[in-house]
Amino acid sequence: MIGLMMNTPLTIGQILEHAVNIHGDKHVHTILPNGKIHRYNYATLHKRVNQLSNATVSLGINQGDRIATFVSNTFQHLELYFAIPNTSTILHPLNVRLSAIQLEMIVKEAGNDIIFVDNVYADQFANLQDKIQFNHTILINNTNQDINNKDSSLEYEQFISEEDCNFSHDIQDENCAMALCYTSGTDGEPKGVLYTHRAMYLHTLAVNHVDVFGLTESDVVMPLVPMYHAMAWGIPFAAMLSGAELVLHGSKQEQIVDLICETGVTVAAGVPTVWKKHLPEMIRRKQEINTLTQIIVGGEAMPISLIRDFEKELGIEVRHAWGMTEMSPTGTLCTPRKAHEKHSYEKKLEIKAMQGRPIPGVQIRLMNGTDNILPWDGISVGELQVRSPWTVSSYYNTEPTLEHFTEDGWLRTGDLATINSEGYIQIVDRMKSVIRSGGESISSVALETYLMTHPQVKDSVVIGIPDEQWGERPLGVVVLATKNNGDITEILRQYLSNEFPKFWLPDKFVVVDELPKTGVGKTDKQKILRMIASRKHNTNGNDELNNTYD
Ligand code: ADP
């Protein structure tokens with residue numbers, strides 16, 4: 001018997017409506033390219049979203065069209081987050097840090113005809129423009145006419161200004177696609193994930209759980225994670241549904257401490273690289289940023305030393321999350337249990353450095369091969385598999401394959417993990433990054449996070465390089481906090497030997513000025529491997545691994 005409840009569709013438009021009707025006076029703050037802060041409230045956002053939807057319809061779109069954005073974290077991008085799905089088309093945020101070749105591949109696969117482009121990315125866009133012809137280009141912040149202003153291009157404010165402030169969206173099927181995001185390509189080519197209204201709505205409810213992001217009406221929330229990366233971890237939707245204020249840093253990551261001071265940010269979210277970068281300034285200006293009480297961290301393992309610094313030096317709670325673009329993206333989040341209160345501080349830190357427990361709605365299991373389900377004993381290592389209403393069931397434009405999905409419909413995450421008896425997962429490594437030496441596995445993540453606790457190590461990565469005798473051997477690549485005069489290989493091997501068996505210790509450490517990062521701030525192991533393979537090391541042990549990330 002079917003139950004007798006209303007079946008109102010769960011849509012993104014409802015999140016905006018709730019924010020406007022209940023929290024219409026709350027603000028969105030954005031740093032403009034000129035460094036000034038732009039502010040307006042959710043009521044104004046709503047009107048502009050409607051104008052943008054009307055303007056987009058006037059371009060002659062069809063249901064299901066994929067509309068690209070090449071935009072930083074701004075109020076205009078937030079408007080696009082709602083206006084595009086409201087027209088029954090699909091928002092496709094492009095990762096501006098991907099190479100022109102990858103972008104070309106993605107844009108062609110997605111079939112983007114319309115693109116919104118932020119002037120701050122004019123240079124990157126020029127490379128793409130050489131390869132792809134868009135039917136409509138709408139330019140944001142293009143005051144200097146930096147972008148090659150082709151006949152077909154329009155200026156964003158002019159595009160929306162004459163439009164009606166009302167737009168009636170009528171999405172009856174919550175399973176319609178609302179956005180398309182590609183994975184960041186850390187361990188291979190980016191893959192497309194097509195989100196539905198329903199998945200994104202349910203993900204928003206789940207992350208607003210008090211033990212997940214736990215955002216409230218009194219919060220001021222700053223997603224430092226780019227809006228092109230897995231829908232900024234769903235934070236804009238979560239913040240607006242809870243009535244929090246939103247703070248968007250534009251392309252001015254160097255100003256985030258000022259922004260926290262000026263807007264009173266209480267919760268911020270970003271990858272560990274970003275937090276590592278800003279920590280010294282945050283400590284220096286500790287008094288000014290005392291509104292900030294919580295950071296949400298994920299995308300890569302959060303080193304225990306960094307959690308300690310945030311907690312001890314700044315009194316900021318660290319919430320460590322694990323997820324994937326494929327999971328909208330949140331899968332697990334680490335908050336200690338009541339039973340952990342009795343533990344020592346160091347023991348609690350060890351727990352916080354784990355990736356945590358599944359958020360409500362997410363199911364996890366650990367598999368060894370196709371049939372063997374492993375126990376939750378904190379020791380057995382297997383592939384983490386997941387299922388939830390906000391997990392991908394097939395990649396965009398491809399049939400599901402056994403490489404990515406099991407026969408009984410679980411997503412194979414490609415991550416190796418343990419799960420303990422309390423349901424906390426610990427990511428051991430990506431299957432593609434695990435180092436196989438003499439038939440044994442070495443966890444690059446475990447070595448990297450332990451190296452980060454050494455006072456001289458500022459950043460680290462461990463990769464497997466081919467070895468005739470052992471198959472693979474680990475190579476350490478480190479950025480040092482201070483100049484080192486001793487034999488760094490000897491020092492770090494000695495340090496690691498406190499914790500790991502001898503065969504785990506990298507035979508050599510290479511010192512570099514900076515590690516290359518992907519567009520979302522993760523260490524780019526593929527690039528390091530390519531550089532090593534093409535023998536770009538020079539003879540003095542330094543190499544050309546340096547790169548910048550902003
Ligand atoms: P990509 O796989 O291209 O990096 P994603 O950004 O979707 O694209 O990354 C998801 C992957 O990032 C996960 O499968 C996992 O390997 C890694 N990851 C995410 N969060 C964490 C975390 N807290 N600790 C360790 N690894 C993480």
Side-chain angles (χ1 to χ4, degrees), residues 10 12 91 93 95 174-175 177-188 190-209 211-213 223 225-238 269-271 296-302 319-335 354-367 383-396 398 400 403-406 408-417 419 423-427 430-432 518 520 522:
L10 307 176
I12 284 307
L91 175 87
N95 178 341
E174 62 189 18
N175 289 306
M178 54 78 57
L180 174 65
C181 279
Y182 278 72
T183 60
S184 41
T186 308
D187 64 358
K191 299 186 282 295
V193 179
L194 194 57
Y195 301 123
T196 61
H197 281 266
R198 172 187 152 83
M200 205 45 75
Y201 191 97
L202 291 173
H203 177 268
T204 307
L205 293 182
V207 296
N208 268 342
H209 189 279
D211 272 335
V212 186
F213 299 165
V225 46
M227 289 175 78
Y228 56 70
H229 182 213
M231 304 303 288
W233 298 350
I235 287 171
F237 298 133
V271 293
I296 300 162
V297 194
E300 268 192 321
M302 178 72 171
R319 292 203 171 185
H320 186 191
W322 167 88
M324 309 173 73
T325 306
E326 288 89 336
M327 297 189 74
S328 302
T330 318
T332 67
L333 191 119
C334 197
T335 40
M354 297 174 88
Q355 281 74 11
R357 296 183 292 167
I359 66 170
V362 171
Q363 291 171 276
I364 57 172
R365 72 181 183 188
L366 213 52
M367 295 295 286
E383 184 186 21
L384 185 63
Q385 299 186 351
V386 294
R387 214 160 60 158
S388 80
W390 50 88
T391 295
V392 69
S393 61
S394 180
Y395 288 103
Y396 180 68
T398 59
E403 188 194 349
H404 299 297
F405 301 93
T406 64
D408 58 347
W410 292 63
L411 172 72
R412 303 184 58 189
T413 65
D415 284 343
L416 291 172
I419 307 177
Y424 285 78
I425 67 163
Q426 171 102 55
I427 299 293
R430 291 185 186 229
M431 283 159 91
K432 287 187 180 164
T518 66
V520 299
K522 302 186 191 197

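Every heavy atom of this structure was used, including side-chain atoms; hydrogens, water molecules and symmetry mates were not. We count residues from 1, following the sequence as given.
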N/O donor-acceptor pairs under 3.5 Å from side chains in residues 177-185, not counting sequence neighbours:
unit_1	atom_1	unit_2	atom_2	d
Tyr182	OH	Glu109	OE2	2.7
Thr183	OG1	Lys191	N	2.9

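When the side-chain contact (heavy atoms from CB on, under 4.5 Å) test is applied to Ala230, the partners found at least two apart in sequence or on another chain are Tyr195, Trp233, Thr325, Pro329. Take Arg412 and apply the side-chain contact (heavy atoms from CB on, under 4.5 Å) test, not counting sequence neighbours, and it matches Glu383, Gln385, Thr406, Met431. Scanning for side-chain contact (heavy atoms from CB on, under 4.5 Å) contacts around Thr204 gives Ile15, Asn208, Phe237, Ala238, Leu241, with sequence neighbours left out. Qualifying side chain to side chain donor-acceptor pair (under 3.5 Å) partners for Thr196, counting only residues two or more places apart in sequence or in other chains: none. Listed by chain and residue number, Glu174 satisfy the side chain to side chain donor-acceptor pair (under 3.5 Å) test with Arg198 (two or more places apart in sequence, or in another chain).
Side-chain N or O atoms of His320 include none that pairs as donor or acceptor with a backbone N or O of Gly356 at under 3.5 Å. Of the possible polar contacts, none joining the Trp410 side chain to the Ile364 backbone as a donor-acceptor pair under 3.5 Å is found.
When all heavy atoms are compared, the tightest approach of Leu333 to Ala321 is CD1-CB, 3.8 Å. Here the shortest heavy-atom pairing between Thr330 and His203 reads OG1-NE2, 2.9 Å. Nearest heavy-atom pair across Ile235 and Ala269 is CD1-CB, 3.2 Å. Contact record, Val212 with Ala206: CG2-O, 3.5 Å, taken as the closest heavy-atom pair.
Note on Arg365 versus Asp408: salt bridge recorded, some NZ/NE/NH1/NH2 to OD/OE distance being below 4.0 Å.
Annotation: side chain of Arg319 is in contact with side chain of Thr335 (closest heavy-atom distance under 4.5 Å). For the pair Met200/Ser328, a side-chain contact is recorded, criterion being any heavy-atom separation below 4.5 Å from C-beta on.
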Going through the distances and angles, do Tyr395 and Glu326 end up as a side-chain hydrogen bond (donor to acceptor under 3.5 Å, both in side chains)?
-> CA-CA 9 Å; Tyr395 288 103; Glu326 288 89 336; 2.6 Å; yes
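Separation of atoms CG (Leu384) and CG (Leu416) is listed at 9.5 Å; rounding is to 0.5 Å. The CE atom of Met367 lies 12.0 Å from the OG1 atom of Thr413; values are rounded to the nearest 0.5 Å.
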